[in-house]
Amino acid sequence: MTEPSPKWQFGMQLIRLGRGWRRVLDEELAGYGLTDATWRPLFHLGRLGDGIRQTELAEALGIQGPSLVRLLDNLERDGLITRREDRDDRRAKILAMTEAGRRIYQQVEVVTERVAARLLDGADERDMAAVARLFTRLGTAIQQSERSDER
């Protein structure tokens, strides 16, 4: 049996590390009473800004629209977000955080920064820049692959 290529090994390690990173964040945020279904949508909405469409948030989360609707129903019920019709397209919904949602987003932002600082303590800035360039390249290749799969 031949040894997997370095590119294959990189991909498998990236998957494992991504899961680990998310697990650490989930555990840390659980201490604040936040679940994956609460913190992730608020985190992305906070980063993208109020006034985005549900489809944009679904894309940022990497989930399909129907799955997002259930999450948003719960967040709206809990008073963390609002949804309104888009004036230009009544089929589309525009999202915004409430004050309560913003307070949770601020907590999430602090915790995610703290986790990143802890996990990357001692990382060389040049290495970080090189990895960021590689991730950008990988992200572009994934988008191109997804577009060609849609055709």
Side-chain angles (χ1 to χ4, degrees), residues 10-125 127-150:
F10 173 83
M12 292 300 104
Q13 188 173 21
L14 183 61
I15 291 168
R16 185 176 55 78
L17 291 171
R19 287 181 182 149
W21 187 286
R22 188 159 158 192
R23 186 175 51 252
V24 170
L25 283 174
D26 286 343
E27 289 169 2
E28 189 88 17
L29 288 163
Y32 293 84
L34 301 174
T35 65
D36 180 69
T38 306
W39 78 261
R40 285 187 67 232
L42 290 177
F43 177 80
H44 287 286
L45 183 56
R47 293 282 181 191
L48 296 169
D50 287 341
I52 65 164
R53 290 183 175 185
Q54 284 184 194
T55 53
E56 293 171 86
L57 183 58
E59 186 176 317
L61 288 165
I63 62 175
Q64 299 296 314
S67 298
L68 178 63
V69 169
R70 287 189 297 277
L71 292 176
L72 296 178
D73 287 344
N74 292 334
L75 293 173
E76 190 171 38
R77 182 198 65 225
D78 293 343
L80 302 175
I81 66 159
T82 60
R83 288 184 280 193
R84 63 177 168 76
E85 283 184 0
D86 186 333
R87 285 179 240 189
D88 299 327
D89 182 353
R90 292 186 321 169
R91 297 168 297 169
K93 299 290 184 199
I94 301 295
L95 303 173
M97 276 193 280
T98 63
E99 283 304 313
R102 280 187 190 80
R103 283 191 299 274
I104 290 176
Y105 167 71
Q106 289 169 349
Q107 285 180 319
V108 170
E109 199 172 35
V110 167
V111 170
T112 56
E113 285 292 330
R114 186 174 62 227
V115 166
R118 186 177 78 228
L119 295 179
L120 295 170
D121 185 40
D124 182 88
E125 292 298 319
D127 290 343
M128 295 288 298
V131 169
R133 286 191 304 275
L134 183 56
F135 283 175
T136 298
R137 182 182 197 129
L138 181 57
T140 300
I142 289 169
Q143 286 179 335
Q144 290 171 346
S145 178
E146 288 171 344
R147 279 192 219 114
S148 68
D149 288 347
E150 290 172 0

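Here Leu34 contributes atom CG and Arg40 contributes atom CZ; the two are 13.5 Å apart, rounded to the nearest 0.5 Å. Between the CD1 atom of Ile81 and the CG atom of Leu72 there is a distance of 4.5 Å, given to the nearest 0.5 Å. Atoms CG and CD1, on Leu95 and Ile52 in that order, are 5.5 Å from each other to the nearest 0.5 Å. The distance from atom CE of Met128 to atom CD of Glu125, rounded to the nearest 0.5 Å, is 6.5 Å. Taken from CD in Gln13 to CG in Leu17, the straight-line distance is 5.0 Å, to the nearest 0.5 Å. The distance from the CG atom of Leu80 to the CG atom of Leu42 is 5.5 Å, given to the nearest 0.5 Å.
Qualifying salt bridge (charged side-chain N to carboxylate O under 4.0 Å, His left out) partners for Asp121, counting only residues two or more places apart in sequence or in other chains: none. For Gln107, the side chain to side chain donor-acceptor pair (under 3.5 Å) criterion is met by no residue, not counting sequence neighbours. Listed by chain and number, the residues in a side chain to side chain donor-acceptor pair (under 3.5 Å) with Thr35 are Thr38 (sequence neighbours excluded). Shown here are the salt bridge (charged side-chain N to carboxylate O under 4.0 Å, His left out) partners of Glu28, two or more places apart in sequence or in another chain: Arg114, Arg118. Ala116 meets the side-chain contact (heavy atoms from CB on, under 4.5 Å) test with Trp21; sequence neighbours excluded. Partners of Asp124 according to the salt bridge (charged side-chain N to carboxylate O under 4.0 Å, His left out) rule, which considers only residues two or more places apart in sequence or in another chain, are Arg126. Listed by chain and residue number, Arg53 satisfy the side-chain contact (heavy atoms from CB on, under 4.5 Å) test with Thr55 (two or more places apart in sequence, or in another chain).
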For residues 134-141, run the donor-acceptor check on the side chains, cut-off 3.5 Å, and write out each pair with its distance to 0.1 Å, sequence neighbours left out.
| from | atom 1 | to | atom 2 | distance (Å) |
| --- | --- | --- | --- | --- |
| Thr136 | OG1 | Ala132 | O | 3.0 |
| Thr140 | OG1 | Thr136 | O | 3.1 |

**Report entry** Trace of the side chain to side chain contact (heavy atoms under 4.5 Å, CB included) decision for Ile104 with Tyr32
**Finding:** CA-CA 9 Å; Ile104 290 176; Tyr32 293 84; over 6 Å; no

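Screening residues 63-85 for salt bridge (Lys or Arg N to Asp or Glu O under 4.0 Å) gives Asp73-Arg83, Glu76-Arg83 as the qualifying pairs, with residues at least two apart or on separate chains. The salt bridge (Lys or Arg N to Asp or Glu O under 4.0 Å) contacts involving residues 93-103 comprise Asp50-Arg102, Glu99-Arg102, where partners must be two or more places apart or lie in separate chains. Residue pairs that meet the salt bridge (Lys or Arg N to Asp or Glu O under 4.0 Å) test with at least one member in residues 14-26, sequence neighbours left out, are Arg22-Asp36.
For the pair Pro41 and Leu71, the tightest heavy-atom approach, listed with the atom from each and the gap, is CG-CD1, 4.1 Å. The shortest non-hydrogen separation linking Gly79 to Ala100 is O-CB, 3.8 Å.
With contacts defined as side-chain heavy-atom distances shorter than 4.5 Å, the pair Val110/Gln106 does not qualify. For the pair Thr112 and Phe43, the minimum side-chain heavy-atom distance is below 4.5 Å.
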